[in-house]
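Taking it in order: structure first as structure tokens, then the write-up.
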Amino acid sequence: MELNPTIADPRLQLIATARYFYQQGWMVGTAGNLSARLADGSFWITASGKSKGELLLNDFVLISPDGKIEASATQVIPSAETAIHQLVYRLFPESLACYHIHSIESNLVSRLVEGDSLLLPPLEMLKGLGVWQENPYCVMPIFANHFQVAQIAADIEQRFAVTPPQISALLIRDHGFTVWACSLEAARNYIELLDYIFRYMVAAIRLGINI
Ligand SMILES: CSCCC(=O)C(=O)COP(=O)(O)O
Ligand SMILES: [Zn+2]
């Protein structure tokens, strides 16, 4: 049996996941974007500017591995952050899903440090992100939020060429975070796990607990 088979058409699953993320308050006001890769390397991505709580099948654009539009309904354009998804699939070819959300806590924690890395607390939850160590030292990369998304993508490519990330995730300061995984289910889990970790960090600071 094939492991992690690509789904012929992942759009229904992406619609359900976007609705769930929207209900969590992670994709309000059209924020965020989701994509899933097909066997031929192309990927379906949410169209730009759509409410993620009520996506329809036509609210997706099929993008070729080199970034060209392969299929779309009329009057929809691909997510403004397509370049980041395209880069993720190129850098991590085993990935089948890439999800980007805007949560309040991810923006708050991105301001905790001035540098470009956020140390995550050594919580058990890190195991869900693939970090199986005693007292793990796990940092998450933070990128500047340029107006030009192509610049964010260029920064990610440059940094990951030198320093591959410890976990399949990155933060964009004051913007949100992006995860990638080898299945749609795993990508959703990564979003939930990081949301938990960021909420924990914010709650600990509020309580004056040193993490
Ligand atoms: C209101 S969110 C601003 C744009 C953004 O950061 C985002 O995630 C959504 O952009 P898209 O083009 O994918 O709708
Ligand atoms: Zn965004």
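Whatever order the structure lists ligands and atoms in, that order sets their numbers, starting from 1. Just so it is clear, the values below take in all heavy atoms, side chains as well, and ignore hydrogens, waters and symmetry mates. Predicted, not measured: the structure shown is a model, and the values here were computed from it. All residue numbers refer to positions in the sequence shown, counting from 1.
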Can you give me the closest heavy-atom contact between P136 and L126, atom names plus distance?
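P136 and L126 have their closest heavy atoms at CG-CD1, 3.6 Å.
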
Looking at A187 and V179, what are the two nearest heavy atoms and their distance?
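A187 and V179 have their closest heavy atoms at O-CG2, 3.5 Å.
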
Just to confirm my output: which protein heavy-atom neighbour is closest to atom 3 (C) of ligand 1, and how far is it?
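Heavy-atom neighbour on the protein nearest atom 3 (C) of ligand 1: H102 CE1, 4.3 Å.
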
Identity and distance of the protein heavy atom lying nearest atom 14 (O) of ligand 1
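Heavy-atom neighbour on the protein nearest atom 14 (O) of ligand 1: G49 N, 2.8 Å.
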
Does a donor on one side chain and an acceptor on the other come within less than 3.5 Å for [X] and [Y]?
X: E185; Y: Q13; result: yes
X: Y99; Y: S35; result: no
X: E105; Y: Y196; result: no

Would L184 and L12 show up in the same hydrophobic cluster when neighbours are defined by side-chain heavy atoms closer than 4.5 Å?
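L184 and L12: one cluster.
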
Distance filter under 4.0 Å to [X] heavy atoms, resulting ligand 1 atoms:
X: S48; value: 11 (P), 12 (O), 14 (O)
X: N33; value: 7 (C), 8 (O), 9 (C), 10 (O), 11 (P), 13 (O)
X: E81; value: 5 (C), 6 (O), 7 (C), 8 (O)
X: H175; value: 6 (O)
X: S79; value: 11 (P), 12 (O), 13 (O)
X: T30; value: 1 (C), 9 (C), 14 (O)
X: H100; value: 8 (O)

Indicate the ring-plane relationship of W44 and F60, choosing parallel, tilted or perpendicular according to the 30° and 60° boundaries.
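Rings of W44 and F60: perpendicular, over 60°.
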
Please state whether T46 comes within less than 4.0 angstrom of ligand 1, counting heavy atoms only.
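No, that is not the case, since the closest heavy atom of the residue is not under 4.0 Å from the ligand.
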
Judged by non-hydrogen atoms, does K52 sit under 4.0 Å from ligand 1?
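Contact check K52 vs ligand 1: positive.
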
Under 6.0 Å from the CD atom of Q158, do we count more than 12 heavy atoms belonging to anything else shown?
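For Q158, atom CD is not crowded (no more than 12 foreign heavy atoms under 6.0 Å).
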
Does a sphere of radius 6.0 Å around CD1 in I104 hold more than 12 heavy atoms from other residues, nucleotides or ligands, not counting ones at 6.0 Å or beyond?
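Not more than 12 within 6.0 Å, no.
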
Run the ring-centre check on F160 versus F143 and record whether the distance is less than 6.0 Å.
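Ring-ring flag for F160/F143: true, centres closer than 6.0 Å.
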
Would the H146 and H175 ring centres measure less than 6.0 Å apart?
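Ring-ring flag for H146/H175: false, centres at least 6.0 Å apart.
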
Tally every protein N/O/S atom whose distance to the Zn ion (ligand 2) is less than 2.8 Å; waters are neither shown nor counted.
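Count of protein N, O, S atoms less than 2.8 Å from the Zn ion (ligand 2): 4.
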
Report the C-alpha separation of D116 and R173 in whole Å, then their side-chain angles, then the decisive distance to 0.1 Å, and conclude whether the salt bridge (charged side-chain N to carboxylate O under 4.0 Å, His left out) test is met.
CA-CA 9 Å; D116 60 5; R173 186 168 276 121; over 6 Å; no

Which of these, A80, P78, G29, G32, has its nearest heavy atom closest to atom 9 (C) of ligand 1?
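It is G32 that holds the nearest heavy atom.
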
